[in-house]
J.: 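Provided herewith is a single structure, encoded as structure tokens, for subsequent inquiry.
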Amino acid sequence: MDWTERIAANLAAVNERIRAACARAGRDPAQITIVAVTKTHPPEVVRAAAVCGLRVFGENRVQEAKAKIPHCPSSIHWHLIGHLQTNKVRDAVALFEMIQSVDSLRLAEEIQRRAEQAGRRLPVLLEVNVAGEASKSGYSPDRLLEELSALNALPRLEIQGLMTVPPWSPDPERVRPWFRKLRELKDACEDRLGAPLPHLSMGMSQDFEVAVEEGATMVRLGTVLFGPRASTVRPIPVEGADPGTGD
Ligand SMILES: *Cc1c(COP(=O)(O)O)cnc(C)c1O
């Protein structure tokens with residue numbers, strides 16, 4: 001099977017699972033956007049995914065995205081979903097339509113500065129480390145509430161909601177409380193801001209149905225669409241190279 005057939009079959013199964021999760025939760029499937037996570041996958045996979053109708057793509061590293069995005073269709077939308085260092089903000093602002101991983105005021109201020117230089121306003125999500133895991137970036141819930149008004153005062157950032165990567169478990173039911181916690185934190189943020197936050201980015205291949213049941217508006221899916229990732233990043237083919245000669 002080629003990539004397009006494989007992704008089309010996987011996407012049909014995912015859409016059916018999202019539909020069923022929405023039915024259980026009394027939600028409308030139109031409220032959920034799939035963010036296709038293409039890290040480690042080459043542009044040919046992105047092109048095939050776009051042919052299948054996927055429109056929003058996620059990358060977790062700026063360097064990789066910078067090499068990849070110029071070789072991908074210009075009609076699709078890119079979101080940064082991985083930790084962002086301040087020295088990469090300028091590139092990130094040029095490459096991505098949304099940054100889902102804002103995790104400090106210092107980073108937000110740098111995005112403000114670079115977005116102003118670029119003459120744009122950038123939709124962002126605030127990343128929350130819901131379980132306080134030492135290995136993960138993201139705001140602690142307390143810190144987020146402390147910094148929220150300062151974040152909201154940055155005119156070039158448009159805060160659209162929250163994002164999380166919760167503790168991993170083979171049993172998605174064990175992740176449910178973390179998704180619920182993110183939703184409750186979004187409610188608390190809306191109270192403080194006096195304005196609605198439209199997005200909750202939560203749920204990955206392992207647990208997206210539970211995330212949908214708990215209110216996700218964006219699910220970030222890699223493996224379930226594209227299969228397991230190689231442990232190393234494959235080189236990006238040169239523009240114009242025959243796509244049929246890859247491995
Ligand atoms: C890789 C990644 C995903 C997708 O993970 P899968 O388990 O392959 O679906 C989602 N979110 C983030 C932040 C990621 O880095």
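Every heavy atom of this structure was used, including side-chain atoms; hydrogens, water molecules and symmetry mates were not. Everything numeric here is computed off the predicted structure, so don't read it as measured data. Whatever order the structure lists ligands and atoms in, that order sets their numbers, starting from 1.
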J.: If a pair satisfies salt bridge (charged side-chain N to carboxylate O under 4.0 Å, His left out) and one of its residues is in residues 22-37, list it, with sequence neighbours excluded.
T.: Arg24-Glu213

J.: Quick one: do Glu64 and Lys39 make a salt bridge, cutoff under 4.0 Å?
T.: no

J.: Under 4.5 Å side-chain heavy-atom separation, chaining through any Ile, Leu, Val, Met, Phe, Trp or Tyr, what else clusters with Leu125? Say none if it is isolated.
T.: Val35, Val37, Val56, Ile81, Met98, Met163, Val165, Met204, Met218

J.: Can you tell me if CZ on Arg121 sees more than 12 non-hydrogen neighbours from other groups inside 6.0 Å?
T.: yes

J.: Let me have the donor-acceptor pairs involving side chains of residues 85-96, under 3.5 Å, with sequence neighbours excluded, atom names and distances please.
T.:
unit_1: Gln85; atom_1: OE1; unit_2: Lys88; atom_2: NZ; d: 3.0
unit_1: Asp91; atom_1: OD2; unit_2: Lys66; atom_2: NZ; d: 3.1

J.: Counting only heavy atoms and a distance below 4.0 Å, can you name the residues contacting ligand 1?
T.: Val37, Lys39, Asn60, Ile81, Val165, Met204, Ser205, Arg220, Leu221, Gly222, Thr223, Arg229

J.: Please answer whether the main-chain N or O of Arg143 pairs with a side-chain N or O of Ser140 as donor and acceptor at a distance below 3.5 Å.
T.: yes

